[in-house]
Structures are given as structure tokens and as C-alpha cells.
Amino acid sequence: MLDQSAQNSSVRTSGPLSGFRIVEFAGIGPGPFACMMLADMGAEIVTLDRVGARKNMKSVAGRGRKVVELDLKDKAAIAEVLDLLANADALVEGFRPGVMERLGLGPDVVLARNPKLVYGRMTGWGQQGPLANAAGHDINYISITGALAAIGTKEAPVPPLNLVGDFGGGALYLVVGVLAALLEASRSGKGQVVDAAMCDGAASLMSFFFDMTTLGRWTEGRNENFLDGGAHFYGVYECACGHFVSIGSIEPQFYALLREHAGLTDADFDAQMDRKAWPALKEKLKTVFKSKTREDWCKIMEGTDICFAPVLTMSEATEHPHMVARNVFVERHGVKQPAPAPRFSRTPSAVREPEVAEIGAVTKAWKAER
């Protein structure tokens, strides 16, 4: 478990990525989130932002960076950036395809200066393809993967926040790609481009469901399958207080516990895996859960093998006993925020403060440390 003091420390800890240097070109969404994770794990990250950007130094996703403001339309600034990149291990950018090339910072130019550099590119549609240069957002990127069509009510798909595209299919795949390329570069001495596209990552996240479809255990339709709200034993139910609880009693032994603790003696509940019975059983369960408050159900079910949890808001989540015991959230500048994840036993990650820096000073320091 991460030590609370280590998580809140602004002093750079070892971290598994300590000693790695990454240059981030300021953006929004998945790029900054990916760099937050890399910074939490100890990488030294310099964020290049536009002049006058006035970076929010309290930003959760912006923590742990050195922030440098400069004008990328200035040729002198581009020369400084190239000097900085010559001593970096990786670069992360999230512009549309072709923007970095037009700035004179494309992969060919940068890798010629630093052949070992890992060049991470974060986009929605990818570097090539008919849609590569079109504008888009998370909801569009997951629309063409099959993911959005599978999430929601019978009537219509429902956007799953921007977790599936931006952060799951985007940022996390970028982090994995950059780390894999850094590992390979340490052996080969050669860098490469990592083309991380949200549509690629979101499609990859659907692998399990493609598998289930092939096996005949998944149908293309919402609220018809055991993980999409179709089954009565896997879903969300409203309580007497207006709050909600979730159950995921898939396995027979867990389902048996659900029946025991919820008093489901009706023989109709014997037909757990009968899809035709699911709608009627769901209606019966709605009535059962509406009979007690969320607090009541937590006393009855939480901590059992029913696979149960209360549905909490973000502010409630920070106070849940399990999350408190594991220090899942930390406070910084009066703002509760998620602590670094995952956890490392020997080289713990840490929340570090961002700082304003000058590009020349950073370049000088990086050259001296090489």
C-alpha cells in the first residue's frame, strides 16, 4: 500500500520511472491524463504550453510537471525545443495529424536528432485513415467501435462519460505504448512512433464482447445480455431513499447469497439464466430493493460475496471506509483527488507539485545529467 505521506509529498520520490524525461506538448483530455500517470510514477515531465496560457497549477491532471511557456510559431523557440528533445526519452503530443510536421517537429526531424526517442502521438482517429483529419470527440470515436451501441437503455445508447474513448481507449493505451517502446528502446537503442488512437483503443477494449459474440453468448442489443443491464442479477436498483445500489451476482453461489439476503424465496428466481424470465424477475427485484434504504441494504449485503456495492457520487466515494482505508483519494490545495495508481511496493508513486520553468535551464540540466 502507498504511504499517505509519500502520496502527498511534493518531493520527488524514486518512482519506477525516475530518471526518464518526457516532453509533453500541452493539450486536453487523454494526453494530459497519460502524462499525469507517467509523472506520478516518477518521470520528469516538461509541459510546453503557449505563452500566456496561465496553467492551472492546481489541476489534478496537470500535477507533477515542469511548465514552460513558449511560442511554437517562433523558429528560435523550435530550435530550443529540438535541443530539449535531444536529451529526452519520450515525447507526447495530441495535435491533429500533420501539425507537428508543419511546426518542424515531426518524427523524422526529431528522431534524426535523438534516434532513441519514443514519439507518442494521441489522437481520436489515428494518424492515417479517411477520418484522420476530421474533428471529433470521445462519443464519436467510440461510436464506430461497437462500444457505444452496446451501452444504454433499450431505447437509445447512453454516453458512458468519456471514460471509454478518451481515458480507457486513449490515455491508458498511450501509456502502455510509450512504456513498451521505452523498454524496447533500452535494448535496441532505437526509438519509434507510438500511434495511439482512441478508436483503436476503444475497439481493443471490446475484445471480450467480440469473443462472447463468437461463442454465441452475446447478442447485439442493449439490455439483452448479462452484463448490459438485461439480467436481473447484474444491474442497478433504486432504494426507498432514492439512492441506488449495484449487484453483480453472476456465479450460482453468489446468486444463492443474493436470494438468501434479499429474501427471494419465489420459485421464479430459480430460472437465473433464462433470458425470457429476466424482465419479470427484474421488476420483482425493483420492488424488493425499493423496500429498504441504501443504508439498510449496505448493512445487509456489503462485504458479502453477493457482489454488492452502493452507487456513490464522487464526493461520497471519498468518504467510503474502503477507499479511506486504502488512501485511494488524497487532498491537494483543498481538492480531493484520486491518488496515483497502480501501487508499487519498492518504488512508490507520489503526487508532486507542478512548477514553472525555463526551457534553457531544463535543457542545461538534462545535458549535464546525461
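In what follows, residues are counted from 1 in the order of the sequence shown.
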| message | Checking E238 against K290 for the side-chain contact (heavy atoms from CB on, under 4.5 Å) test, could you report, in this order, the C-alpha distance in whole Å, the side-chain angles of both residues, the deciding distance, and whether it holds? | response | CA-CA 6 Å; E238 186 176 6; K290 265 286 189 109; 3.5 Å; yes

| message | Which residues pass the side-chain hydrogen bond (donor to acceptor under 3.5 Å, both in side chains) test with E220, not counting sequence neighbours? | response | none

| task | Would you check if the side chain of T47 reaches a backbone N or O of A26 as a donor-acceptor pair within less than 3.5 Å? | result | no

| task | Take atom CD of E355 as the centre, draw a 6.0 Å sphere, and report whether it contains more than 12 heavy atoms from other residues, nucleotides or ligands. | result | yes

| Is the closest basic N to carboxylate O distance between E319 and K336 below 4.0 Å? | yes

| field | Pairs flagged by ring-ring contact (aromatic ring centres under 6.0 Å, His included) wherever residues 139-193 is involved - sequence neighbours left out | value | F33-F167, W125-Y141

| K364/D83 salt bridge by N-O under 4.0 Å criterion | no

| Got a donor-acceptor contact below 3.5 angstrom from the D166 side chain to the G29 backbone? | no

| Hey, is the main chain of F289 close enough, under 3.5 Å, to the side chain of W297 for a donor-acceptor pair? | yes

| query | So which residues get pulled into F244's cluster when ILVMFWY side chains under 4.5 Å apart are joined, directly or through others? | reply | V236, V311

| Once you round to the nearest 0.5 Å, how far does CZ of F233 lie from CG of L258? | 10.5 Å

| request: Report yes or no: do H320 and E302 form a side-chain donor-acceptor pair below 3.5 Å? | output: yes

| remark: Residues at least two apart in sequence or cross-chain that pass side-chain contact (heavy atoms from CB on, under 4.5 Å) with H333, listed by chain then number, are K58, E353

| Counting only heavy atoms not in E295, do more than 12 sit closer than 6.0 Å to its CD atom? | no

| Side-chain donor-acceptor pair under 3.5 Å between T153 and E155, yes or no? | yes

| said: Checking the side chain of R275 only, and the main-chain atoms of E224 only, is there a donor and an acceptor separated by less than 3.5 Å? | reply: yes

| field | Qualifying residues under ring pair (Phe, Tyr, Trp, His ring centres under 6.0 Å), relative to Y234, sequence neighbours excluded | value | none

| query | Got a salt bridge between E44 and K66, using NZ or NE/NH1/NH2 to carboxylate O under 4.0 Å? | reply | yes

| task | Keeping the roles fixed (side chain from R96, backbone from A132), state whether a donor-acceptor pair exists under 3.5 Å. | result | no

| query | Do the side chains of V23 and F95 join up, straight or via other hydrophobic residues, at under 4.5 Å, putting them in one cluster? | reply | yes

| field | Enclosure of L215 CG (heavy-atom neighbours >12, cutoff 6.0 Å) | value | yes

| request: For the pair K286 and E283, find out whether any cationic side-chain nitrogen is under 4.0 Å from an anionic carboxylate oxygen. | output: yes

| Main-chain N/O of S59 paired to R332 side chain as donor or acceptor, under 3.5 Å | yes

| With sequence neighbours excluded, residues passing side-chain hydrogen bond (donor to acceptor under 3.5 Å, both in side chains) with E101 | R121

| task | Can you measure from CD1 (I247) to CZ (F308) and round to the nearest 0.5 angstrom? | result | 9.5 Å

| remark: CG (D200) and OG1 (T123) are apart, to the nearest 0.5 Å, by 7.5 Å

| query | Considering residues, nucleotides and ligands other than R113, do more than 12 of their heavy atoms fall under 6.0 Å from its CZ? | reply | yes

| said: Donor-acceptor pair, distance only, cut-off 3.5 Å: does the side chain of D71 make one with the backbone of K73? | reply: yes

| query | Parallel, tilted or perpendicular: which fits the ring planes of F269 and H232, with parallel below 30° and perpendicular above 60°? | reply | tilted

